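Because the structure is predicted, anything quoted here is derived from the model rather than measured.
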Amino acid sequence: MHEKERHTIILSAVEERPVATVAELCNLTGASEATVRRDIATLDQDGQLRRVRGGAEAIAPPQFVGLAGRPFSVNEVLRIEEKQAIAAAAVDLCDEGDAIIINGGTTTFQMVHPLASRRMQVFTNSFPIAEHLLKHSKNTVMLSGGTIYREQNIILSPFDNDVTRNFCARRVFMGAQGLGPLGLMEADPLLIQAEQKLIGQADELVVLVDSTKFEQRSSLVLCPLRRITTVITDDQITDKAAAMLEAVEVKLIVTHAGGAQRTVAS
């Protein structure tokens with residue numbers, strides 16, 4: 001990741017929370033601790049943030065604390081061709097008229113383009129997914145209720161009795177912060193709470209992750225690997241990661257930027 005991209009992520013992180021620690025920023029940027037500390041020092045010298053012990057804080061602390069994780073606008077431009085191929089393979093799993101849930105994220109957002117020619121029932125907590133489908137498709141669209149988190153462009157509710165409980169889907173399509181032996185991982189407790197509700201409303205869980213997500217970790221586990229029905233990723237997945245999924249009988253679909261795909265294990 002280039003220095004400018006790291007700086008954008010770091011500045012966004014400190015705007016969303018009282019203090020962003022070095023460890024959190026390393027996780028968000030994928031950079032080493034030494035690199036993150038240099039970035040903080042540079043941004044502090046430029047007057048764009050304030051360096052504090054163990055991390056950094058905003059010059060003007062946030063009035064509303066956002067979610068942990070990279071902003072949608074940053075993730076949106078990363079590994080775009082891989083995400084498009086993964087999303088196309090996800091839509092190929094759907095039949096006309098299906099009821100599906102699409103969780104907010106930049107990989108799942110790419111599903112809107114192949115969905116433009118479909119007529120399905122789509123429930124989502126993503127404002128940009130709902131907006132695009134309303135403008136460019138004939139799909140029936142339902143939005144969850146709650147607070148809109150601007151950085152992630154996602155709508156979340158802390159209440160258990162929201163409209164999510166009234167929608168039943170064949171599949172839920174979901175991205176993640178990371179994917180490892182313990183399961184699907186996310187970076188924020190509120191995301192965990194909301195996404196567990198979504199998973200509970202669908203027969204199958206289909207995970208859309210590019211191959212870099214197998215190397216990323218978080219302290220929060222959303223669900224174990226055995227709850228996942230299918231994982232769709234790109235052709236840079238390692239043999240170790242593929243074997244991990246095969247061991248728990250998770251179906252694996254590998255895509256290529258050119259659009260071809262193959263099922264590796266189930």
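Across Cys26 and Val36, no two heavy atoms sit closer than the pair SG-CG2, 3.8 Å. Taking each heavy atom of Ala87 and Thr107 in turn, the nearest pair found is CB-O, 3.8 Å. Among all heavy-atom pairs drawn from Ala99 and Cys168, the shortest one is CB-O, 3.7 Å. Between Leu143 and Ser126, the shortest heavy-atom contact is CD2-O, 3.9 Å. Nearest approach of Cys94 to Met120, heavy atoms of both residues: CB-CE, 3.3 Å. The shortest non-hydrogen separation linking Val14 to Ala20 is CG1-CB, 3.9 Å.
Taking Glu3 as the reference, nothing meets the salt bridge (Lys or Arg N to Asp or Glu O under 4.0 Å) condition, with sequence neighbours excluded. Not counting sequence neighbours, Asp239 has no partner by the side-chain hydrogen bond (donor to acceptor under 3.5 Å, both in side chains) test. Taking the side-chain hydrogen bond (donor to acceptor under 3.5 Å, both in side chains) definition, one finds that Thr229 meets it with nothing, sequence neighbours left out. Arg37 meets the side-chain contact (heavy atoms from CB on, under 4.5 Å) test with Val22, Glu33; sequence neighbours excluded. Residues passing the side-chain contact (heavy atoms from CB on, under 4.5 Å) test with Asp203: none are found, sequence neighbours excluded. Looking at residues two or more places apart in sequence or on another chain, you find a side-chain hydrogen bond (donor to acceptor under 3.5 Å, both in side chains) between Glu204 and Arg171. In this structure Thr35 satisfies the side-chain contact (heavy atoms from CB on, under 4.5 Å) test together with Arg6, Ala31, Ser32, Arg38, Asp39, sequence neighbours excluded. Phe167 meets the ring pair (Phe, Tyr, Trp, His ring centres under 6.0 Å) test with Phe123; sequence neighbours excluded. Asp95 pairs by the salt bridge (Lys or Arg N to Asp or Glu O under 4.0 Å) definition with Arg170, not counting sequence neighbours. Every side-chain contact (heavy atoms from CB on, under 4.5 Å) that Leu134 has, sequence neighbours left out, goes to Val141.
Residues Ile10 and Leu49 have side chains in contact (heavy-atom distance under 4.5 Å, counting atoms from C-beta outward). The side-chain heavy atoms of Val231 and Ile253, taken from C-beta on, include no pair separated by under 4.5 Å. Counting only heavy atoms from C-beta outward, the side chains of Leu25 and Ile40 approach each other to under 4.5 Å. Considering only heavy atoms from C-beta on, Ile199 comes within 4.5 Å of Leu222 through its side chain. Looking at heavy atoms from C-beta onward, Leu11 lies in side-chain contact with Gln48 at the 4.5 angstrom threshold. Within the 4.5 Å cutoff, side-chain heavy atoms of Ile102 are placed close to those of Leu115. Lys251 has its side chain out of reach of Val206: every pair of non-hydrogen atoms, C-beta onward, lies at least 4.5 Å apart. Between Leu225 and Leu179 there is a side-chain heavy-atom pair separated by less than 4.5 Å.
Screening residues 108-133 for salt bridge (Lys or Arg N to Asp or Glu O under 4.0 Å), with sequence neighbours left out, gives Glu131-Lys135.
Atom CD of residue Glu81 and atom OG1 of residue Thr255 lie 11.0 Å apart, to the nearest 0.5 angstrom. Atom-to-atom distance recorded for Gln177:CD and Ile192:CD1 is 10.0 Å, nearest 0.5 angstrom. Taking CG of Leu245 as the start and CG of Leu252 as the end, the distance is 5.5 Å to the nearest 0.5 Å. The CE atom of Met174 lies 10.0 Å from the CD1 atom of Ile228; values are rounded to the nearest 0.5 Å. The distance from the OG1 atom of Thr124 to the CD1 atom of Ile101 is 9.5 Å, given to the nearest 0.5 Å. Between the CG atom of Leu205 and the CZ atom of Arg226 there is a distance of 13.0 Å, given to the nearest 0.5 Å.
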Show your working on side-chain contact (heavy atoms from CB on, under 4.5 Å) between Thr238 and Phe214 and close with a plain yes or no.
CA-CA 9 Å; Thr238 64; Phe214 290 94; 5.8 Å; no

Take His113 and His136 through the ring pair (Phe, Tyr, Trp, His ring centres under 6.0 Å) test and state the conclusion after the steps.
CA-CA 9 Å; His113 305 297; His136 304 289; 8.5 Å; no

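Formation of a donor-acceptor pair under 3.5 Å by the Glu24 side chain with backbone atoms of Thr21 is found in this model. With hydrogens and angles disregarded, no donor-acceptor distance shorter than 3.5 Å links the side chain of Asn139 to the backbone of Val122. Lys213 places a side-chain N or O within donor-acceptor distance of the main-chain N or O of Ala176, the cut-off being under 3.5 Å. Glu5 places a side-chain N or O within 3.5 Å of a backbone atom of His2 that can act as its donor or acceptor partner. Counting only distance, with no hydrogens or angles, the side chain of Asp234 and the backbone of Asp210 share no donor-acceptor pair below 3.5 Å.
Hydrophobic clustering keeps Val221 apart from Met244 (ILVMFWY residues linked when any side-chain heavy atoms are closer than 4.5 Å, directly or through intermediates). Both Val207 and Leu220 are assigned to one and the same hydrophobic cluster, defined by single-linkage of ILVMFWY side chains at heavy-atom distances under 4.5 Å. Met185 and Val248 fall into different hydrophobic clusters, where Ile, Leu, Val, Met, Phe, Trp and Tyr side chains are chained together by heavy-atom contacts under 4.5 Å.
Within a 6.0 Å sphere centred on CD of Gln45, other residues, nucleotides and ligands contribute 12 heavy atoms or fewer.
Side-chain contact annotation: Glu195 with Asn103, donor-acceptor N/O pair under 3.5 Å present.
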